[in-house]
Amino acid sequence: MMHTIPVGKVFEAIIIWLRANFDGFFNLTRLGLTGFIDAFENTLLFIPAVAIIALLAVVAWRAAGRGIAIFTVLSMGLIYNMGLWPQTMQTLALVLTSAIIALIVGIPIGICAARNDKFDRMVRPLLDFMQTMPAFVYLIPAVLFFKLGKVPGAVATVIFSMPPSVRLTNLGIRQVPHDVVEAARSFGSTSRQLLFKIQLPIAIPTILAGVNQTIMLSLSMVVIAAMIGAGGLGEEVLKGITQLKIGRGFESGVAVVLLAMVLDRITQSLANINRRKNKQA
Amino acid sequence: MRNGFKKWTILAITAALSLSLILASGCGAGKPAGQSGAKKEVKLGYVNWAEGVAMTNLAKVVLEDKMGYSVKITMADVAPIFTSVANGDYDAFMDAWLPVTHESYMKEYGAKLTDLGTNFEGARIGLVVPEYVSINSIEEMNGAKAKFDGKIIGIDSGAGIMKATDKAIKDYGLGFKLIPGSGPAMTAALKDAVEKKEWVAVTGWKPHWKFARWKLKFLEDPKGIYGKVENIHTVARKDIEKDLPEVAQFLRNFKLNDQQLGSLMGLIANSDDPLKSARKWVKDNEKLVDSWIPKKK
């Protein structure tokens with residue numbers, strides 16, 4: 001007789017145990033995150049669309065040049081014109097909140113992983129798990145822990161979008177040329193000085209590429225997050241597909257793409273500016 | 001020379017972020033729920049199915065405009081909604097199909113739910129074909145297997161209607177394959193077939209917007225595999241009658257017939273704002289709506 005190993009049963013038991021013992025923690029997290037996301041969203045919705053478009057355009061112009069600035073104005077204008085502005089701001093608030101959390105947690109982990117091979121080996125399978133486990137699988141646990149709404153959506157997004165910032169921070173620091181590190185060591189720099197004055201500055205373009213990837217992956221979660229009540233553009237897409245409203249679904253899909261392109265071009269050019277500066281130095 | 005701008009860009013982003021945070025902390029405090037004077041909040045979950053969208057928006061309009069509650073409606077997938085109503089996070093879900101379609105959720109969560117009764121009776125599930133298909137009963141399907149390409153187009157593999165169809169295939173001895181997919185995939189296949197006038201059989205249910213868009217019919221089911229009729233129930237969290245007795249009574253009274261639900265779904269389908277449509281419908285059906293509202297003692 002074959003005995004099956006109860007992988008699923010164990011997972012379920014862990015979920016039930018966590019719920020029984022850490023309810024307070026989950027509640028606190030939920031309240032904190034709800035407050036933050038709602039406030040972010042209210043702020044974005046309170047500021048007139050024109051002002052936000054102008055602000056984004058200025059940022060894009062300063063960071064990436066006139067072409068991207070014009071593109072930003074046109075694409076955000078189109079989103080506004082399609083009547084998807086509130087949903088886009090909801091999505092933006094959710095995506096940026098998730099990305100910020102992912103970076104706050106991910107970058108330090110990446111730094112540790114770069115400096116400690118053992119830790120690196122431990123973290124790696126965890127990152128694989130986070131990136132490839134189909135997000136649908138943890139929708140229900142997320143709902144059990146954080147209730148329906150934006151918070152479980154944000155949590156699922158953080159889990160899915162954090163790995164690139166860890167991986168690329170790790171990679172960036174490991175790619176710092178050995179002779180540079182040796183030279184710094186031989187001049188007697190402490191390990192803290194080595195990190196902040198040598199490794200991090202040289203690694204910044206790679207780290208920023210990780211930031212960029214994290215933001216892009218966050219955006220790709222909007223539809224799945226909408227399945228647990230996160231609203232925003234994802235909800236519009238979901239409405240489009242569940243009722244075969246092809247036009248509406250496509251419009252909201254386009255809005256997601258345009259938002260992604262604007263955020264991508266801006267964050268990417270920040271990394272490029274850094275690279276250029278490093279070359280000149 | 002764009003390098004000089006980098007500082008400005010970073011400064012601008014920092015400024016924008018801190019500004020939004022300052023504003024955030026100002027308005028982010030939120031109102032404590034259920035405090036004195038504040039309106040009582042009711043939370044309804046719904047899935048993006050036409051009848052659920054219609055009924056949930058209607059309930060919101062009546063609870064807010066006529067009964068003085070504040071209602072939050074959230075759209076999500078069906079499993080997370082059952083989970084959160086059973087958990088007590090949400091107050092009610094108005095789109096539970098019983099006894100067949102959502103049986104598996106009731107098995108799992110029934111003990112943690114209160115069934116507030118039906119809000120629509122005579123819903124139906126079964127095998128649906130376009131009207132131009134010349135057979136009328138599931139028993140005739142084997143004879144037209146080639147025309148159907150030997151396939152029945154299904155929806156999500158866990159759905160109750162899929163289990164019923166598996167049973168139908170076995171009990172009628174159909175040589176058909178049931179293709180799992182999703183609701184959207186099923187309607188897309190139907191749309192494609194109708195446009196090409198091809199024969200197609202899908203797992204279908206009513207009320208559904210597909211009956212408004214295309215001419216369709218149910219195949220007769222002499223063995224009654226799909227149940228006689230299904231009813232749509234409102235299920236609520238366990239202690240709703242203690243915490244929100246008036247709302248519970250209202251949801252119990254809330255009932256629509258085929259024609260009423262149809263006209264509401266029609267109004268919603270033709271506009272972008274379901275709430276506005278629901279308000280208009282309430283105006284046209286004032287008497288019915290008032291009969292749902294519990295009398296104050």
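Note that the structure is predicted; figures quoted are calculated from it, not measured. So that the names make sense, note that chain A is the first sequence line, chain B the second, and so on, each numbered from 1.
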> Got a second to check how far A:E236's CD is from B:N48's CG, nearest 0.5 Å?
Replying inline: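 The CD atom of A:E236 sits 9.5 Å away from the CG atom of B:N48.
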> Atom CZ in A:F146, atom CG in B:D89: separation rounded to 0.5 Å?
Replying inline: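 That separation rounds to 12.5 Å.
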> Checking heavy atoms, do the side chain of A:I246, its backbone, both or neither come under 4.5 Å from chain B?
Replying inline: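 Only the side chain of A:I246 comes within 4.5 Å of chain B.
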> Given a strict heavy-atom distance threshold of 4.5 Å, which part of A:L148 is in contact with chain B: side chain, backbone, both, or neither?
Replying inline: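 Both backbone and side chain of A:L148 come within 4.5 Å of chain B.
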Looking at [X], I want to see if its [atom1] is surrounded by more than 12 non-hydrogen atoms of other residues, nucleotides or ligands under 6.0 Å.
{"X": "A:Y80", "atom1": "OH", "value": "no"}
{"X": "B:D258", "atom1": "CG", "value": "no"}
{"X": "B:K151", "atom1": "NZ", "value": "no"}

> Should A:L144 and B:T83 be marked as a side chain to side chain contact (heavy atoms under 4.5 Å, CB included) after you check the CA-CA gap, both sets of side-chain angles, and the distance that decides it?
Replying inline: CA-CA 7 Å; A:L144 284 171; B:T83 310; 3.4 Å; yes
>> Restricting to non-hydrogen atoms, name the atom on B:P80 and the atom on A:I140 that form the minimum distance, rounded to 0.1 Å.
In response: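 Heavy atoms of B:P80 and A:I140 come nearest at N-CD1, 3.7 Å.
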>> I need the minimum non-hydrogen distance between B:A76 and A:G229, along with the two atoms involved.
In response: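 Nearest heavy atoms, B:A76 then A:G229: CB-N, 3.6 Å.
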Interchain contact, [X] with chain A, by part (heavy-atom threshold 4.5 Å):
{"X": "B:K191", "value": "side chain"}
{"X": "B:T187", "value": "both"}
{"X": "B:Y46", "value": "side chain"}

>> Assess the residue pair A:R19 and B:N87 against the criterion (side chain to side chain contact (heavy atoms under 4.5 Å, CB included)); give the C-alpha distance rounded to whole Å, side-chain angles, the decisive distance to 0.1 Å, and a yes or no.
In response: CA-CA 11 Å; A:R19 239 168 74 76; B:N87 257 336; 3.1 Å; yes
> Going by heavy atoms in the side chains, are B:M75 and A:M227 under 4.5 Å from each other?
Replying inline: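 Counting from C-beta outward, B:M75 and A:M227 never come under 4.5 Å.
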